[in-house]
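When a residue number appears, it is its place in the shown sequence, counting from 1. Values in this document were obtained by computation on a predicted structure and should not be read as measured data. All ligand and atom numbering here is 1-based and tracks the order in the structure.
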Amino acid sequence: MLTASIAQLSEALRSRRLSCVELARALLDRIETLGASLNAFVTVDRAGALKQAEAADARHAAGNAGALTGIPIAHKDVLMTAGLRTTCGSRMLENFVAPYSAFVVEKLAQAGMVLVGKTNMDEFAMGSSSENSYFGPVRNPWNTALVPGGSSGGSAAAVAARLIPAATGTDTGGSIRQPAALSGVCGLKPTYGVCSRYGLIAFASSLDTPGVFAQTAEDCALLLTAMAGHDARDSTSLDRPAEDYARDLARPLTGLRIGLPKEYFGEGTEPGILRAIEQALIELTKLGATTIDVSLPNVKLSVPVYYVIAPAEASSNLSRFDGVRYGHRAKQYADLLDMYKKTRAEGFGAEVKRRILVGTYVLSHGYYDAYYLKAQQVRRLIAEDFQRVYESCDVIIGPTSPTTAFPIGDKTDDPVKMYLNDIFTIAGNLTGAPGISIPCGFDEKGLPVGMLIQGNHFREARILGVAHQYQRVTDWHRRVPVTFD
Ligand code: GLN
């Protein structure tokens with residue numbers, strides 16, 4: 001029962017076969033014992049979780065519980081949680097306790113979800129492997145010598161090991177979808193602006209997108225329905241009517257047009273991954289879908305464009321960590337400038353410093369037009385490629401990542417190799433459109449493969465529906481790593 005999906009747990013809580021306190025306690029024990037080897041959590045809040053679980057039981061008893069009331073959740077440690085430490089995986093914020101909660105944290109709490117703890121991540125969400133954390137690397141539950149993907153690796157690993165039925169993440173270039181693929185779970189990145197960024201510690205503001213991890217597309221739909229919504233405190237939050245993201249789950253795939261970009265099926269992707277995706281496409285066509293070959297000629301420029309725009313925005317956002325306003329401050333310094341320098345030298349890790357250097361350079365006078373402005377122009381061309389493709393198809397499908405999980409330490413000395421992990425996901429952030437990665441098989445090493453289903457802006461319900469129909473006829477999403485079964 002413990003390892004069940006949200007929909008199943010919700011049923012057990014509603015019928016009172018299981019109490020919210022029993023569920024919370026059992027999962028807290030599981031995190032403490034079974035979870036210890038993964039380093040997926042930075043903070044576990046046993047006392048707080050049990051108190052919230054009691055309140056959720058009271059809501060069930062009073063008859064005003066919803067589908068998520070009493071369901072435990074963990075939040076990526078980039079999302080602020082009032083009264084509970086928020087580290088962002090950094091020494092800079094090692095002891096930072098946020099004065100308020102992120103919008104999405106508040107929304108999920110209002111739905112009655114029980115916050116169990118904060119998950120480990122790459123420092124300031126910069127990375128694709130969750131090795132850049134000040135708190136040490138996260139390990140992949142399928143093989144603890146491997147990375148779980150990143151930057152939301154703690155959330156992905158925790159859901160994969162069934163330590164928690166749901167976890168939040170943030171996706172700036174792939175940080176939900178890529179770890180979902182490498183860890184064998186579902187990871188949904190909604191349209192930019194659908195979930196407020198208020199209280200999400202900023203990395204690259206025009207790309208940062210809160211989203212979720214869960215076992216099934218159905219669960220992702222439930223979570224997104226609860227966490228979406230307009231919020232005046234984020235100027236890019238969209239004011240749109242509320243949606244039920246589960247509305248297309250039962251919709252048949254008859255007539256669905258799937259675009260297959262040739263750029264997603266070329267060299268550079270492991271053959272085991274391509275085989276699994278081809279199998280999945282056969283399943284989808286059996287369900288009534290048709291496939292169309294398409295091309296996204298500019299998508300190959302996504303990685304270079306991203307590594308101008310994201311560092312530029314990061315260098316500006318991270319200037320707030322100056323030793324005065326938040327977190328760490330160097331103990332010894334000569335004067336104000338020296339205090340800034342020592343604080344930032346001590347507080348930030350190597351990858352964060354690399355991004356700040358690159359970002360400051362591309363924004364500097366004389367280089368702005370050549371790099372930042374040019375990158376924004378190419379970003380537009382990439383977006384136009386997608387709009388053209390969506391004239392002839394409903395969704396775009398391909399691999400989420402060119403490789404399955406790789407050994408810890410394998411790519412840490414070669415940043416460009418690490419950056420190429422997100423080659424299929426970054427375009428979704430540059431355009432702002434939604435995508436979900438779902439498990440679709442295993443490679444010859446027995447490692448999970450993720451399939452990326454992308455849709456045009458605001459097509460979350462449709463891509464969730466496609467994922468759900470696929471999950472009705474396959475069971476990849478139910479496979480659990482042996483040690484955690
Ligand atoms: N791996 C990418 C990076 O390092 C994306 C990270 C993310 O989505 N937060 O920037």
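Remark: minimum distance from atom 6 (C) of ligand 1 to any protein heavy atom is reached at Ser175 OG, 2.9 Å. Here the protein heavy atom with the shortest distance to atom 3 (C) of ligand 1 is Tyr307 OH, 3.2 Å. Nearest protein heavy-atom contact of atom 10 (O) of ligand 1 is Tyr306 OH, 2.6 Å.
Residues Tyr419 and Tyr306 place their aromatic rings such that the two centres sit no closer than 6.0 Å.
The distance criterion of under 3.5 Å between nitrogen or oxygen atoms is met by Gly174 with respect to ligand 1. Where the criterion is an N or O separation shorter than 3.5 Å, residue side chain and backbone included, Ser128 meets it with respect to ligand 1. Considering backbone and side-chain N/O atoms, Met126 never comes within less than 3.5 Å of an N/O atom of ligand 1. In terms of polar-atom proximity, Asp171 is not counted as a contact of ligand 1, lacking any N or O under 3.5 Å from an N or O of the ligand. In terms of polar-atom proximity, Thr172 is counted as a contact of ligand 1, with an N or O under 3.5 Å from an N or O of the ligand.
Neither the backbone nor the side chain of Phe124 comes within 4.0 Å of ligand 1, counting heavy atoms alone. At a heavy-atom cutoff of 4.0 Å, ligand 1 is contacted by no atom of Arg177, backbone or side chain.
Each of the following atoms of ligand 1 lies closer than 4.0 Å to a heavy atom of Gly127: 1 (N), 2 (C), 3 (C), 4 (O), 6 (C). Which parts of ligand 1 touch Ala125 is read off a 4.0 Å heavy-atom cut-off, strictly below it: atoms 6 (C), 7 (C), 9 (N). Against a heavy-atom cut-off of under 4.0 Å, Ser151 is close to the following atoms of ligand 1: 9 (N).
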Any chance you could lay out the side chain to side chain donor-acceptor pair (under 3.5 Å) test for Asp231 and Ser196, step after step, and finish with the verdict? CA-CA 6 Å; Asp231 173 21; Ser196 166; 2.6 Å; yes

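Applying the side-chain hydrogen bond (donor to acceptor under 3.5 Å, both in side chains) criterion to His328, with sequence neighbours excluded, gives Glu346. For Glu94, the side-chain hydrogen bond (donor to acceptor under 3.5 Å, both in side chains) test picks out no residue, with sequence neighbours left out.
Shortest non-hydrogen contact noted between Glu351 and Met126 is CG-O, 4.0 Å. Considering all non-hydrogen atoms of both residues, Glu460 and Leu224 come closest at CG-CD2, 3.8 Å.
Within a 6.0 Å sphere centred on CZ of Arg380, other residues, nucleotides and ligands contribute 12 heavy atoms or fewer. Atom NZ of Lys353 is surrounded by more than 12 heavy atoms from other residues, nucleotides or ligands within 6.0 Å.
The shortest heavy-atom distance from Tyr419 to ligand 1 is not under 4.0 Å. Heavy-atom distances between Arg355 and ligand 1 reach below 4.0 Å in at least one pair.
Ring geometry for Tyr326 against Phe96 counts as perpendicular: the plane angle is over 60°, on a 0 to 90° scale with 30° as the lower cut.
Counting only non-hydrogen atoms, the option in Asp208, Asn132, Asp422 that gets closest to atom 2 (C) of ligand 1 is Asp422.
Cation-pi contact between Arg233 and Phe103: absent, since separation from the ring centre below 6.0 Å together with deviation from the ring axis within 45° is not met.
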